[in-house]
Number of protein chains: 2
Amino acid sequence: MMRILSRAELKNELLRSGIRPSVQRLAIYEYVYRSTAHPTAEKVYEALRDELGSLSLTTVYNTLKLYADAGLVMMIHIDDNYLRFDGNTQMHAHFRCNECGEIYDLPVEGNSLGCLAGLEGIKVTEAQLYLRGVCKKCLQQNYIS
Amino acid sequence: MMRILSRAELKNELLRSGIRPSVQRLAIYEYVYRSTAHPTAEKVYEALRDELGSLSLTTVYNTLKLYADAGLVMMIHIDDNYLRFDGNTQMHAHFRCNECGEIYDLPVEGNSLGCLAGLEGIKVTEAQLYLRGVCKKCLQQNYIS
DNA sequence: TTTTATATTTGCAATGATTTCAGAAGTGAA
DNA sequence: TTCACTTCTGAAATCATTGCAAATATAAAA
């Protein structure tokens, strides 16, 4: 588990990736980095609009795309309707509850790609494991009702 | 590896799932079942339109959704731009080449979820493993040029 | 400090895959 | 044949995401 970074350290992360840390960029990075809710672009926009005084949804999309290309955030495609973003770039799986729509992180232990065959001669740069089903909370509620 | 089913057997598969095998439905099922290209709805539509004389893109979408809910086909979310479908419902991973866009199947051996923690009390109904990178063919071409 | 060049942000319009919807066509039972 | 019900169709609507050109901010040079 990596230590939680301060705002100044997040700024340095951007610089290290060759990205100039404008006010908007740092705010967007910090929000996604600290969130555990896998926010959509819209969510990031709503959360920061007031705080920043001025912000465009286009900027949010552009910036998150920039970060995804730089490997600073992960794009999560588990939702049928929109793209989500995750500031945690360490290997982990995602579980989406079909009842409540919530997305949970699942830790991955050991070699997650050990079960895969046919990787010879292929260059893998990214791996995502998505699970769906019903979460603990919804299972209990369904049982009661 | 499961035996390849005949058209009559595919029809029975539909009936067993409580789906009435109309001309359109059977054609769509058979096309996705026999394809290894992870076709989009548009692709299915183009491939069957002439053969069937009459077909609506809406029907293709509705039918594929019906099959996905019934567990007869898998929805593949690996492509940023559109939904793809896979008639192979056995556990396997998908690899998408970032250069050519091609999607390949990767066999999964053993317990693919063995590396996961935090599954207690959760009901998992679906697992998808997506990989991205550069495929063998594109790696060779990049080296030559 | 001003000028200048460049990078970033903004808001609106466009895009396009997917869905909605209401009517048409098909199907099977009586 | 009629009736009730299911399926299909095509056009219009939806809406997340992207394109674009103008506005603004920033940093370096003069």
Side-chain angles (χ1 to χ4, degrees), chain A residues 11 14-15 17-32 38-70 72-86 96 101 103, chain B residues 11 14-15 17-32 38-70 72-86 96 101 103:
Chain A
K11 193 169 179 174
L14 292 184
L15 289 168
S17 297
I19 294 170
R20 275 155 68 170
S22 71
V23 177
Q24 290 87 344
R25 283 178 175 175
L26 185 53
I28 291 167
Y29 186 36
E30 186 169 23
Y31 182 82
V32 175
H38 312 91
T40 62
E42 184 77 35
K43 203 78 203 264
V44 175
Y45 171 67
E46 282 169 8
L48 297 177
R49 183 176 36 184
D50 297 340
E51 178 186 328
L52 290 179
S54 155
L55 181 63
S56 162
L57 184 55
T58 303
T59 299
V60 176
Y61 273 107
N62 289 341
T63 304
L64 289 172
K65 175 77 159 53
L66 185 72
Y67 294 163
D69 290 343
L72 292 169
V73 308
M74 278 171 90
M75 283 181 169
I76 310 292
H77 294 266
I78 203 173
D79 206 303
D80 291 356
N81 302 311
Y82 13 64
L83 201 48
R84 289 171 170 274
F85 297 89
D86 194 339
R96 191 190 113 101
I103 293 170
Chain B
K11 194 168 178 175
L14 292 184
L15 288 168
S17 297
I19 295 171
R20 273 155 68 168
S22 70
V23 178
Q24 290 88 343
R25 284 178 173 174
L26 184 54
I28 291 168
Y29 186 37
E30 184 168 25
Y31 183 81
V32 174
H38 311 91
T40 63
E42 183 76 35
K43 202 77 204 262
V44 175
Y45 171 66
E46 283 169 7
L48 297 177
R49 182 176 36 183
D50 296 341
E51 179 185 328
L52 290 179
S54 156
L55 182 64
S56 163
L57 184 53
T58 301
T59 299
V60 176
Y61 273 106
N62 290 342
T63 304
L64 289 172
K65 175 78 161 49
L66 184 73
Y67 293 164
D69 290 344
L72 292 170
V73 308
M74 280 172 89
M75 283 183 169
I76 310 292
H77 294 266
I78 203 173
D79 206 302
D80 291 357
N81 301 310
Y82 17 61
L83 200 49
R84 289 170 171 276
F85 297 88
D86 194 339
R96 191 191 112 101
I103 293 170

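Only this structure's heavy atoms are used, side chains among them; waters, hydrogens and symmetry mates stay out. Throughout, a chain's letter reflects where its sequence line sits, starting with A, and its residues are numbered from 1.
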What is the distance, rounded to the nearest whole Å, between atom [atom1] of [X] and atom [atom2] of [N]?
| X | N | atom1 | atom2 | answer |
| --- | --- | --- | --- | --- |
| A:Asp79 | D:dT17 | CG | C1' | 15 Å |
| B:Tyr61 | D:dA12 | OH | P | 18 Å |
| A:Leu83 | D:dA16 | CG | P | 12 Å |
| B:Tyr82 | D:dT17 | OH | C1' | 15 Å |
| B:Ile28 | D:dC8 | CD1 | C1' | 10 Å |
| A:Leu64 | D:dT17 | CG | P | 10 Å |
| A:Leu66 | D:dT18 | CG | C1' | 15 Å |
| B:Arg20 | D:dC8 | CZ | P | 10 Å |

Which comes earlier along DNA chain C counting from the 5' end, the contact point of A:Thr58 or that of B:Leu57, where each point is its nearest nucleotide?
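That would be A:Thr58.
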Which comes earlier along DNA chain C counting from the 5' end, the contact point of B:Lys65 or that of A:Gln24, where each point is its nearest nucleotide?
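Nearest-nucleotide comparison on DNA chain C picks A:Gln24.
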State, with a plain yes or no, whether a side-chain heavy atom of [X] is found less than 4.5 Å away from one of [Y].
| X | Y | value |
| --- | --- | --- |
| A:Lys65 | A:Met75 | yes |
| A:Ile19 | A:Tyr29 | no |
| B:Ile28 | B:Arg25 | no |
| B:Ile78 | A:His77 | no |

Can you tell me if B:Ser22 touches the phosphate of D:dC8, counting only side-chain N or O atoms and a distance under 4.0 Å to OP1 or OP2?
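Yes.
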Just jot down the salt bridge (Lys or Arg N to Asp or Glu O under 4.0 Å) partners of B:Asp80, sequence neighbours excluded, or say none.
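B:Asp80 satisfies salt bridge (Lys or Arg N to Asp or Glu O under 4.0 Å) with B:Arg132 once adjacent residues are dropped.
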Residue pair B:Ala47 / B:Glu51: nearest heavy atoms and the distance that separates them
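So the minimum-distance heavy-atom pair works out to O-OE1, 4.3 Å.
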Within the structure shown, what part of the strands sits under 4.0 Å from A:Thr40 by heavy-atom distance: base, sugar-phosphate, or nothing?
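No contact.
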Reported CG-to-NE2 distance for the pair A:Asp86 and A:His38, which is rounded to 0.5 angstrom
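One gets 4.0 Å once the value is rounded to the nearest 0.5 Å.
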With a 4.0 angstrom cut-off to heavy atoms of chain B, pull out the first and last contacting nucleotide of DNA chain C, in 5'-to-3' order.
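Using the under 4.0 Å cut-off, the span is C:dA17 to C:dC21.
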